Amino acid sequence: MGLLITGGEIVTAETRTRGDILIEGETISAIGLGLKAPAGTEVIDVTGKLIFPGFIDPHVHIHLPFMATFAKDTHATASKAALVGGTTTYIEMVCPSRTEDTMEGYQKWKKKAEGNSACDYAFHMAVTRWDAQTEAQLREIVADGTASFKIFLSYKNFFGVTDEEMFHTLKLAAELGVITTAHCENPELVGQLQQLLLSEGKTGAEWHEPSRPESVEAEGTGRFATFLEQTGAAGYVVHLSCEPALRAAVEAKLRGVKIYVESVLPHFLLNKIYAERAGVEGMKYIMSPPLRHERNLQVLWRALGAGLIDTVGTDHCPFDTEQKLLGTKAFTQIPNGIPGIEDRVNLMYTYGVKRGGLDIHRFVDALSTKPAKIFGLFPRKGTIAVDSDADLVIYDTAYRGKISVKTQHTNNDYNGFEGVEIDGRPAVVTVRGKVQVRDGVFVGEPGRGRMLKRVPQYGHKHEEVREVVHAD
Ligand code: URP
Ligand code: ZN
Ligand code: ZN
């Protein structure tokens, strides 16, 4: 059965127009005023509401063995949370540890997702070791449709790569035309500062930020950029948190380095005071890079508005209270991460577009279109156009509510944004033409999600990202 959405205002990264949208099968077949519903088509009148392209979260962790435990979500729980919050596609980081075989890790991550996600998904492949076998496996993984890598400059001896390994990874990425995403912090400095602070009896969560200060992130960002410059690879800085790191990335952009910048939800709304709360309340806000001094928040909002920050993800990574308490004796043992997949769209709409003067088209661009373009999903995803997948978010700007753990779908026993007001939420969410959410309730097909296969799109000459459609 088809779907005709009537009466809404269609908002993309470029335009805002009134129009009906006809969906036949999984894609949009027509857009225009006064469209007629073919026999058997369900008509949904969305007068007074905005229609956005399905939002894309370019950075999530679902299966993640990390810091002596595992992140709490499954694809079943995370995808429902994503959809209720308006995210119709996410890109998960496949993160085997240095001691695991890369291909085995990739297959394991794929298996966990297959048939279990209610929304579409893709993967970034983390490179956590380097040898001839890993290189051969990475070539196979790219050929399988996972056309982006992830490296961690931090988390030494676990996920982290050495400079030599980064060099080899980026050489391969440049050869294959895939983009490499990177967690940028200097591992040596983090390790030394952690030991110094602990030796002074500074063990609480409030010492996490001083153990990885802004300059440590700026150094990592600058070094990653230099390696991109020298290898000719394209890169993407994940979860950038502060002005010095932003300056390092922007300086590289100005030199012509092909480098994109992502920041994530917590860094726009929360500051380091949250992590300085006593006991487990502070531990709930431990992530890396850490929450920063308040002064950075305005800088990030301005950079987002100006397009210096390309995308907004979440780095969704839920650990519950009991897991956070693993760090009772030392902040270095607190599992790093905070959930956000369910709240990114509503919070960025409320505090960006509604209350903060962020241009609505930049909002759509940063949360949907740009991730689709950078990671080879556009125009299948990331826009509302004939032949694009019918992933739509019909947004109720009249809704008023508050975020609460009591109503969330994310598998966690707290929400870092508890009690925060939101000025809007998705009323209807579709995934490839199927209604998956109505008014905050998941009503769809739990296993509807498919893995999105992508092809490399970064040539040696650093052309701007090409707009290509990819087959599964
Ligand atoms: O603290 C964080 N960010 N946890 C998830 C792992 C990572 O570094 O992305
Ligand atoms: Zn990271
Ligand atoms: Zn992450």
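What you see is a predicted model; the values in this text were computed from it and never measured. Whatever order the structure lists ligands and atoms in, that order sets their numbers, starting from 1.
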Legend entry - Heavy atoms of other groups near Glu164 CD, more than 12 under 6.0 Å: no
Inset, instruction - Measure from the side-chain N and O atoms of Asn336 to the backbone N and O of Ile334, and report whether any donor-acceptor pair falls under 3.5 Å. - result: yes
Legend entry - Option nearest atom 3 (N) of ligand 1 (shortest heavy-atom distance, choices Ile334, Asp315, Val238, Thr314): Asp315
Inset, instruction - Assess the side chains of Gln137 and Asp101: does a donor N or O sit below 3.5 Å from an acceptor N or O? - result: yes
Legend entry - Residue Met287 vicinity, atoms of ligand 1 by number, heavy atom under 4.0 Å: 1 (O)
Inset, instruction - Quickly, which of His59, Glu217, His239, Lys150 forms a side chain to side chain donor-acceptor pair (under 3.5 Å) with His183? Name it, please. - result: His239
Inset, instruction - Would you name the N/O/S atom of His183 that lies closest to the Zn ion (ligand 2)? - result: ND1
Legend entry - Atoms in ligand 1 with a heavy atom of Tyr155 nearer than 4.0 Å: 1 (O), 2 (C), 6 (C), 7 (C), 8 (O)
Inset, instruction - Indicate, as side chain, backbone, both or neither, the part of His59 found under 4.0 angstrom from ligand 1 when only non-hydrogen atoms are considered. - result: side chain
Inset, instruction - Salt-bridge test for Arg432 and Asp120: reply yes if a basic N is under 4.0 Å from a carboxylate O, no otherwise. - result: yes
Legend entry - Ring-face cation contact, Phe158 with Lys156, 6.0 Å cut, 45° max: no
Legend entry - Ligand-side contact atoms (ligand 1) for residue partner Ser288, heavy atom cut-off under 4.0 Å: 1 (O), 2 (C), 3 (N), 8 (O)
Legend entry - Angle subtended at the Zn ion (ligand 3) by OD1 of Asp315 and NE2 of His61, nearest 10°: 90°
Legend entry - Location of contacts on Asn336 toward ligand 1, heavy atoms closer than 4.0 Å: both
Legend entry - Option whose closest heavy atom lies nearest to atom 6 (C) of ligand 1, chosen from His316, His239, His61, Met67: His61
Inset, instruction - Assess His239: does it contribute an N, O or S atom lying under 2.8 Å from the Zn ion (ligand 3)? - result: no
Inset, instruction - Please say which of Phe268, Tyr351, Phe55 ends up in a ring-ring contact (aromatic ring centres under 6.0 Å, His included) with Phe363. - result: Phe55
Inset, instruction - Give the contacting part of His183 toward ligand 1: side chain, backbone, both or neither, where contact means a heavy-atom distance below 4.0 Å. - result: side chain
Inset, instruction - Please verify whether a non-hydrogen atom of Phe159 lies at under 4.0 Å from ligand 1. - result: no
Legend entry - Cation-pi geometry met for Lys80 and Phe442 (6.0 Å, 45°): yes
Inset, instruction - Starting at CD1 of Ile141, measure out to NZ of Lys110 and round the result to the nearest 0.5 Å. - result: 9.0 Å
Inset, instruction - Run the numbers for me: atoms of ligand 1, each under 4.0 Å from some heavy atom of Cys317, listed by number. - result: 5 (C)
